[in-house]
Trainee: 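Structure incoming, see below.
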Amino acid sequence: MITNAFYAFYDLHRPAYHAYAAAYLPPEEARIAVTHIFALVADHWSTIISQRYPSAWAWERYTRTIARRSGRTPTATEDVHLLYEQLFLSIDQIATVTGVEPAAVTALLAAAHRSASQGRRPQKSPGRCTADSRHCGGAGSRHGGVVSPRTGS
C-alpha cells in the first residue's frame, strides 16, 4: 500500500534524481531510470521504511541503475561533487537525497577539492544543471525544485 510518506519521499527526491540521471544519460534514458527507481521504491516501500536510512537504500540502487545504463560507475566523491558543484544541492540536501550523514558529505567534498587542487579533478559529468536546462525543470524552476545552496531559493 502506498502511503502519503511515499508521495513525500517522491516529491522530495524526484527533482534531484532526475537532474542526476540527466547529467549521465540522454533525456529518454534519464526519464526511464527515474521511473524505474520510483517503481522499485513503491514495490518495496514497507521494507524501505523499516531501514534506518531509507534514502540510502534507494540511492544505492538508483546509482547502480544509472551506472549500468551509462556504462560508467562514478565514485561517491564524484557523485557528491556533481550534486554540489553542478546540480547546486546544499550539503544537507545531498545528505537527504543520498541517505549519508552531512559530515560524510562534507568529507567527500573535501576529498573532491583536494583531488582538484592536486590536478586530479574528479571526472566532469557530461551535463550541467542550469535554470534553463529542460532536464532540470525548465527556466525559472530553480532546477525542478532543487534549491541552490548559494541563493537559498
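The shown structure was predicted, so the numbers you read here are calculated from the model rather than taken from an experiment.
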Trainee: From Trp45 CH2 over to Ser50 OG, what is the distance, rounded to the nearest 0.5 angstrom?
Mentor: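 With rounding to 0.5 Å, CH2 (Trp45) is 10.5 Å from OG (Ser50).
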
Trainee: Among Ile66, Leu82, Asp79, Val80, which one satisfies side-chain contact (heavy atoms from CB on, under 4.5 Å) with Pro74?
Mentor: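 Only one option passes, and that is Asp79.
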
Trainee: As an exercise, state the distance from OG1 of Thr106 to CD1 of Ile91, rounded to the nearest 0.5 Å.
Mentor: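 Taking OG1 in Thr106 and CD1 in Ile91, the distance rounds to 3.5 Å.
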
Trainee: Considering residues, nucleotides and ligands other than Asp11, do more than 12 of their heavy atoms fall under 6.0 Å from its CG?
Mentor: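 More than 12 within 6.0 Å, yes.
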
Trainee: Is any side-chain heavy atom of Arg64 closer than 4.5 Å to a side-chain heavy atom of Thr73?
Mentor: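 Side-chain contact under 4.5 Å: no.
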
Trainee: Say you draw a straight line from CG of Leu87 to NE2 of His18; how long is it, rounded to the nearest 0.5 Å?
Mentor: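 The distance works out to 11.5 Å.
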
Trainee: Step by step, would you call Leu108 with His81 a side-chain contact (heavy atoms from CB on, under 4.5 Å)?
Mentor: CA-CA 8 Å; Leu108 289 167; His81 182 264; over 6 Å; no

Trainee: For Leu89 and Ala16, which heavy atoms make the closest approach, and how far apart are they?
Mentor: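 Closest heavy-atom pair between Leu89 and Ala16: CD2-CB, 4.0 Å.
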
Trainee: Report yes if some heavy atom in the side chain of Ile94 is under 4.5 Å from a heavy atom in the side chain of Tyr84; otherwise report no.
Mentor: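 The answer is yes; the side chains approach within 4.5 Å.
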
Trainee: Same hydrophobic cluster for Tyr62 and Phe6, using side-chain heavy-atom links shorter than 4.5 Å among ILVMFWY?
Mentor: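 Yes, same cluster.
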
Trainee: Please confirm whether the backbone N or O of Leu109 pairs with a side-chain atom of His113, one donor and one acceptor, at under 3.5 Å?
Mentor: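 Yes: the side chain of His113 pairs with the backbone of Leu109.
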
Trainee: Please list every donor-acceptor pair under 3.5 Å in which a side-chain atom of residues 33-44 meets a protein atom from a residue at least two apart or in another chain.
Mentor:
residue: Thr35; atom: OG1; partner: Arg31; partner atom: O; Å: 2.9
residue: His44; atom: ND1; partner: Leu40; partner atom: O; Å: 3.0

Trainee: Enter the distance from Thr63:OG1 to Glu78:CD here, rounded to the nearest 0.5 Å.
Mentor: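 Interatomic distance, Thr63 OG1 to Glu78 CD, rounded to 0.5 Å: 12.0 Å.
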
Trainee: Nearest 0.5 Å please: distance from the CG atom of Asn4 over to the CZ atom of Phe9.
Mentor: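 Answer rounded to 0.5 Å: 15.0 Å.
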
Trainee: Please report the shortest heavy-atom distance between Leu12 and Pro15, naming the atom on each side.
Mentor: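 Nearest pair, atom of Leu12 first, then Pro15: O-CD, 3.9 Å.
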
Trainee: Distance-only check: which donor-acceptor pairs under 3.5 Å involve side-chain atoms of residues 51-59, not counting sequence neighbours?
Mentor:
residue: Tyr53; atom: OH; partner: Glu101; partner atom: OE2; Å: 3.3
residue: Ser55; atom: OG; partner: His13; partner atom: NE2; Å: 3.0
residue: Ser55; atom: OG; partner: Thr96; partner atom: O; Å: 3.0

